[in-house]
Amino acid sequence: MECVAGTTLGEFIIRQQSAFPDATGELSTLLSSLQRAARVVNREINRAGISDVLGSMEQLNVQGEEQQKLDWFANERFKEALAARGEVCGLASEEEEGFVSFSPVNTRPGKYVVLIDPLDGSSNIDVNISIGTIFSIYRRVSPLDGPAQLEDFLQPGCKQVAAGYIIYGSSTMLVYSTGQGVNGFTLDPSLGSFFLSHPNMRIPERGRIYSINEGNYQDFPTGVKRFIKHCQEDSPEQGRPYSSRYIGSLVADFHRNLIKGGIYLYPPGTNLPDGKLRLLYEANPLAFLMEQAGGLATDGSTPLLQLQPRTLHQRTPCYLGSRYLMLQLMKTLVEA
Ligand code: P6P
C-alpha cells in the first residue's frame, strides 16, 4: 500500500481497510479508539510535573508493584475508550487482576479482545524518561452472543490481528501493525492528530546495540553471558564495536533498536525463573511487530508467537531484535 507522508492515522487506517473488501471497519474503529485514549494519556504525562499525577497511589497493583497514579489514569482512559464503541468485548490489563468483560453496545457483541500494558516503565515517569503503552488485539474465539471468556485472551501471539505501542518520548508516536508491515505515526500536539512519519518500518539486518540489565550478569544463563562477551570482543563493522544501551523502559529500548538495529534481552534469573516481561501484553505484541519489521523474537528456545499462554499475567524470557544478532544469540544459547 502506498504510504504518503502527511497522511493522518485515521486516513491511513481507512486506506488500509479498503485493501480488504470484507473489512467491516470494526478494527479500524478500535484502532481509532486507542488513538483517542493515547492523546488524553499523552496530555496528562506531559503535565505530570505540574498536575497531581506524579508519584504513587500508595497501593500495590495486581503484580505486587507499587502503582503509580499515571498507571491508574492510563488504565482507566484506555478501558473507557475501548468499552465505548462496541468493537471490543473484553480487556485484559497489567493493572487488572482478571479480564474485564464489556457490555454490548447497541446489542451488537464485540468481535475483539484487547490486552494492554497501559503504561509500561511507569517507574520512569518521575525522572522524565520515555514510557509507553503496549497493546495486543485478537479476534474473540468464544461464541459471539455471550460475554468474553478467558480463552479469548489465552491465544498464541501468532493469532494477533494487530499490535502496537505508543511511546511518550521527545515526541509521541503510535507504532502498529495489522500484519501488513509496521508503520509509525507522530502526534502533532497543535493539531491533536497522529501523522504518518515512519512508513514501512524495517529493523536493520545487523545493528550494533545490545540492551540488557547487566546488573543481573551473575544471574544470566551461560549462553547469554557468552553472547555479551561476544558483543564486547567482536566488532560487527570494521572497528566499530557494539554499544550497550539500556534505558530500563521497554518501549523506549524496543523503539530505538527497531530504528537503529540491535537486540533487547530479558533472560530468566534466580528470582525471576521465567524472566520479568509479561507474555500477553508485553512480549507478544512486540514480537508481532518485530517479526513484521523483519526481525526475530524468541524465549530462548521457541518463537514467542508460538507459545501457548496458560495464564493472563505469565512471564517469559524475552529476546527481540535484528535477525543477525538473534541468530548469533540462539547459536550461543544452543552451544552453552
Ligand atoms: P529491570 C519496567 O518495569 C519494565 O517492565 C520494562 O519497561 C523494562 O524494560 C524492564 O521492566 C526493566 O527491568 O529489571 O532491568 O529494572
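Just so you know, these numbers use all the heavy atoms, side chains as well, and skip hydrogens, waters and symmetry mates. Being a predicted model, the structure only gives us computed values, none of them experimental. Read the numbers this way: they start at 1 and go in the same order the structure lists the ligands and their atoms.
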Query raised in the report: Residues two or more places apart in sequence or in another chain: which of them pass salt bridge (charged side-chain N to carboxylate O under 4.0 Å, His left out) with Glu76?
Result: Lys79

Requested in this report: Would you please determine whether Gly248 falls within less than 4.0 Å of ligand 1 on a heavy-atom basis?
Outcome: yes

Query raised in the report: What part of Tyr264 sits under 4.0 Å from ligand 1 if we count only heavy atoms: the side chain, the backbone, both or neither?
Result: side chain

Report summary line: for atom 2 (C) of ligand 1, nearest protein heavy atom and its distance come out as Gly121 CA, 3.8 Å

Query raised in the report: For the rings on Phe195 and Phe185, is their centre-to-centre separation under 6.0 Å?
Result: no

Query - Protein heavy-atom partner closest to atom 3 (O) of ligand 1 - residue, atom, separation in Å - result: Lys276 NZ, 3.5 Å

Report task. Please write down residue, atom name and distance for the protein heavy atom closest to atom 12 (C) of ligand 1. Result -> Tyr246 OH, 3.2 Å

Query raised in the report: Is there a nitrogen or oxygen of Ser123 sitting under 3.5 Å from a nitrogen or oxygen of ligand 1?
Result: no

Query - NZ/Lys111: more than 12 non-hydrogen atoms of other groups inside 6.0 Å - result: yes

Report task. State whether Glu11 and Arg15 are salt-bridged, where the test is any N-O pair (Lys NZ or Arg NE/NH1/NH2 against Asp/Glu carboxylate O) under 4.0 Å. Result -> no

Query raised in the report: What's the shortest distance from atom 14 (O) of ligand 1 to any protein heavy atom, and which residue and atom give it?
Result: Tyr266 OH, 2.6 Å

Report task. Indicate, with yes or no, if the rings of Tyr264 and Phe254 have centres closer together than 6.0 Å. Result -> no

Query raised in the report: So do the side chains of Val113 and Cys89 get within less than 4.5 Å of each other, counting heavy atoms only?
Result: yes

Report summary line: Note: heavy atom closest to atom 5 (O) of ligand 1, options Ile247, Asp120, Ile134, Leu250, belongs to Asp120

Query - From Ile212 atom CD1 to Tyr246 atom OH, the distance as rounded to the nearest 0.5 Å - result: 8.0 Å

Report summary line: Taking only non-hydrogen atoms of Asn213 and a 4.0 Å limit, the atoms of ligand 1 in range are 1 (P), 14 (O), 15 (O)

